[in-house]
Amino acid sequence: MAYQVSTRTRASSVAAIVAVAVVALLIVAPAFASRGLIQDLFFILTMLVLAQFWNLLAGYGGLVSVGQQAFVGFGAYALFGAVILWGLDPVPAVLAAGVAALVLAFPTAFFAFRLAGAYFAIGTWVIAEVTRLSVAQWKAVGGGTGTSLPRSATRDMWFVDAIKALFDVKTSAARDILAYWLALALAVATIGGIYWLLRTKRGLALAAVRDNIEAARSVGVDAGRMKWVVFLVSAFGTGLAGGLIYMQKARISPDAAFSVVDWTAYVIFIVVIGGIGTIEGPILGVLVFFVLQSVLADYGSWYLMLLGLIGIGVMLFAPRGLWGLISERSGLQLFPVRRRLIGPGTQANTKGG
Amino acid sequence: MIWVDTIVQGVLLGGLYALFAAGLSLVFGIMRLVNLAHGDLIVMGAYLILVLVTALGLGPFLAALVAAPVMFLIGWSLQKFVLNRTLGEDILPPLLVTFGLSIVLQNVLLEGFSADSQRISAGALETASLALGPVNVGVMPLMTFASAVLVIVALNQIFYRTAIGRAFRATSDDAVTASLMGIRPGRVFATATGIAMVVVTIAALYLGVRANFDPSIGPARLIYAFEAVIIGGLGSLWGTLAGGIIIGVAQTVGAAINPEWQILAGHVAFLVVLLLRPRGLFPRGSD
């Protein structure tokens with residue numbers, strides 16, 4: 001038997017099978033799930049996408065952005081602009097949301113990368129504020145008070161008639177199912193894409209930069225370029241998610257679309273509580289977040305206070321989050337990226353590592 | 001003449017922003033810590049002064065004098081028991097902990113004082129004004145600006161004339177070597193944050209007397225403070241005052257053209273400086 005390099009472990013093989021089963025179940029969920037459950041799942045999936053991209057930025061790229069709401073809001077407004085001004089169908093307009101966020105990411109990165117370390121965080125926040133204030137001047141999409149998607153656009157959306165016929169539901173429920181499927185596709189593509197990225201040469205470079213930037217530079221990794229790649233990819237994905245979220249809401253205002261609490265604070269808590277710097281962390285984190293929110297949402301400000309305290313506690317006492325605690329104890333890795341040599345004479349480390 | 005008036009008002013507003021920024025600048029200069037809860041701490045200070053004014057019937061200035069040692073203690077404990085644990089090579093822990101703190105503070109204040117906007121009453125001083133040559137200037141904005149100058153002078157005196165200032169500079173340069181000389185960095189940091197919170201109290205006083213405030217306005221104050229620090233150049237307190245003035249003038253000029261542009265104009269001025277002078281107007285050596 002020849003030597004080979006592999007990242008696969010027994011746990012990851014099992015996880016892959018479970019993941020396929022879960023995704024299959026989620027695809028057919030609209031056939032039996034209530035409309036409320038579909039909306040909850042939509043919320044979980046979109047938050048998961050935002051969390052994965054923030055994790056890519058902060059956990060892998062070392063870029064702690066507090067301004068991701070810029071891309072959610074700008075993407076969402078691009079969708080509304082494309083639908084209202086160009087008469088585009090909302091479904092392809094989601095793609096326009098991603099592209100718009102990507103375009104915004106260039107000047108954002110150009111300015112924010114001039115600020116080192118921690119000041120980068122507030123720099124991204126300033127740019128999000130500038131974007132919010134500028135968009136609030138855009139009268140065609142409602143200015144400061146916001147606007148709704150026109151009824152004609154939401155009624156004749158792509159696929160809605162087919163979904164209505166398939167599940168025998170009303171238009172509004174069919175729209176939710178459509179948004180849910182798109183969110184599911186986006187979440188699967190996001191996790192798959194990030195996992196793929198981390199396993200490529202680029203991903204290896206990224207992990208090297210995360211672990212030790214000087215050592216990474218000394219073996220020829222272009223750290224500056226990695227930052228750009230990560231920032232642009234995250235902006236694009238965050239913009240897609242923003243477009244999708246507001247396609248489902250069908251109503252937008254600058255304060256909601258550029259909310260630092262909704263699109264950045266929650267996302268940061270999800271990643272920190274779940275485990276920063278892992279793909280598993282945000283998945284676990286979003287589930288914990290959803291349970292907390294279902295139980296405590298009625299308590300309003302107490303809920304946010306508790307979430308903040310949990311976030312602080314995790315950062316102080318278990319900086320690698322819940323998933324960090326689990327994988328430390330069990331050695332479990334569901335999305336392993338470490339390359340191991342397997343062959344005669346080498347011992348396969350079945351615990352992963 | 002209206003333009004002269006606009007610019008003078010902007011310069012004086014800049015004094016307020018410099019007060020917001022001085023505490024942030026002090027803490028960053030000594031321990032490279034960016035406190036994302038800085039704006040919320042200013043708002044918390046304003047509520048503390050408000051409580052002292054309404055509950056004990058103190059005048060706002062006396063109330064601030066009473067609040068200052070309380071705020072010093074809060075800052076000292078926060079640094080000693082929480083933030084010192086987060087300091088290190090990795091920038092993630094301090095950012096995420098202070099971000100969490102910002103959210104917690106906003107919601108504690110919201111729960112305690114509701115979302116209604118409040119104001120600290122300073123009696124006749126609020127509307128008093130002086131004729132300075134061609135323009136009329138409010139006494140309160142003038143006092144704000146004078147306080148900002150005094151705070152910066154005092155901080156510079158502490159930095160360069162006292163033993164604790166020497167400890168600040170030594171720890172800032174090299175914490176390990178400083179600790180070999182008998183300085184305990186943890187304590188020095190706690191004292192620094194305590195002093196920063198005294199400055200925050202002064203900022204809070206003027207914030208509360210000059211305008212309405214509510215629990216949600218902290219992050220915007222953080223952003224103004226941050227912009228003033230970056231425009232001035234990291235580590236330079238006089239630069240921070242200049243940065244505050246630039247944002248203040250940009251905001252009043254923006255507002256004079258179109259009231260909706262006030263905040264945006266301040267941010268744009270910041271971005272322009274960042275574009276032309278990425279290290280600020282008065283950078284201090286290499287950091």
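Note that the structure is a prediction, hence the values are computed from the model and not measured. We name chains A, B, ... by the order of the sequence lines, and we start the count at 1 in each one.
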Roughly how far, to the nearest 0.5 Å, is [atom2] of [Y] from [atom1] of [X]?
{"X": "A/Met305", "Y": "B/Leu105", "atom1": "CE", "atom2": "CG", "result": "10.0 Å"}
{"X": "A/Trp125", "Y": "B/Phe226", "atom1": "CH2", "atom2": "CZ", "result": "11.0 Å"}
{"X": "A/Arg114", "Y": "B/Ile230", "atom1": "CZ", "atom2": "CD1", "result": "12.5 Å"}

Atom group of [X] that falls short of 4.5 Å from chain A, counting heavy atoms:
{"X": "B/Leu95", "result": "side chain"}
{"X": "B/Val82", "result": "both"}
{"X": "B/Leu33", "result": "neither"}
{"X": "B/Gln106", "result": "neither"}

For [X], does the [atom1] atom have more than 12 heavy-atom neighbours from other residues, nucleotides or ligands under 6.0 Å away?
{"X": "B/Arg187", "atom1": "CZ", "result": "no"}
{"X": "B/Trp261", "atom1": "CH2", "result": "no"}
{"X": "B/Phe282", "atom1": "CZ", "result": "no"}
{"X": "B/Arg184", "atom1": "CZ", "result": "no"}

Determine the option with the most heavy-atom pairs under 4.5 angstrom with chain A, choosing from [options].
{"options": "B/Asp90, B/Leu271, B/Thr86", "result": "B/Leu271"}
{"options": "B/Val108, B/Val268, B/Leu110", "result": "B/Val108"}
{"options": "B/Leu264, B/Ile223, B/Ile91", "result": "B/Leu264"}

[X], part contacting chain B, at a heavy-atom distance under 4.5 Å:
{"X": "A/Phe120", "result": "neither"}
{"X": "A/Val66", "result": "side chain"}
{"X": "A/Phe269", "result": "side chain"}
{"X": "A/Val130", "result": "both"}
{"X": "A/Ile310", "result": "neither"}
{"X": "A/Leu309", "result": "both"}
{"X": "A/Ala121", "result": "side chain"}

Greatest number of heavy atom pairs closer than 4.5 Å to chain B - which of A/Val64, A/Leu307, A/Val261: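 So the answer, after comparing A/Val64, A/Leu307, A/Val261, is A/Val64.
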
Option in A/Leu115, A/Ile122, A/Ile312, A/Leu133 with maximal non-hydrogen atom pairs under 4.5 Å from chain B: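 It is A/Ile122.
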
Non-hydrogen side-chain atoms of B/Leu275 and A/Phe111 separated by less than 4.5 Å: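 In contact.
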
Minimum heavy-atom distance between B/Leu92 and A/Ala58, given as atom pair plus value: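 Nearest pair, atom of B/Leu92 first, then A/Ala58: CD1-O, 4.1 Å.
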
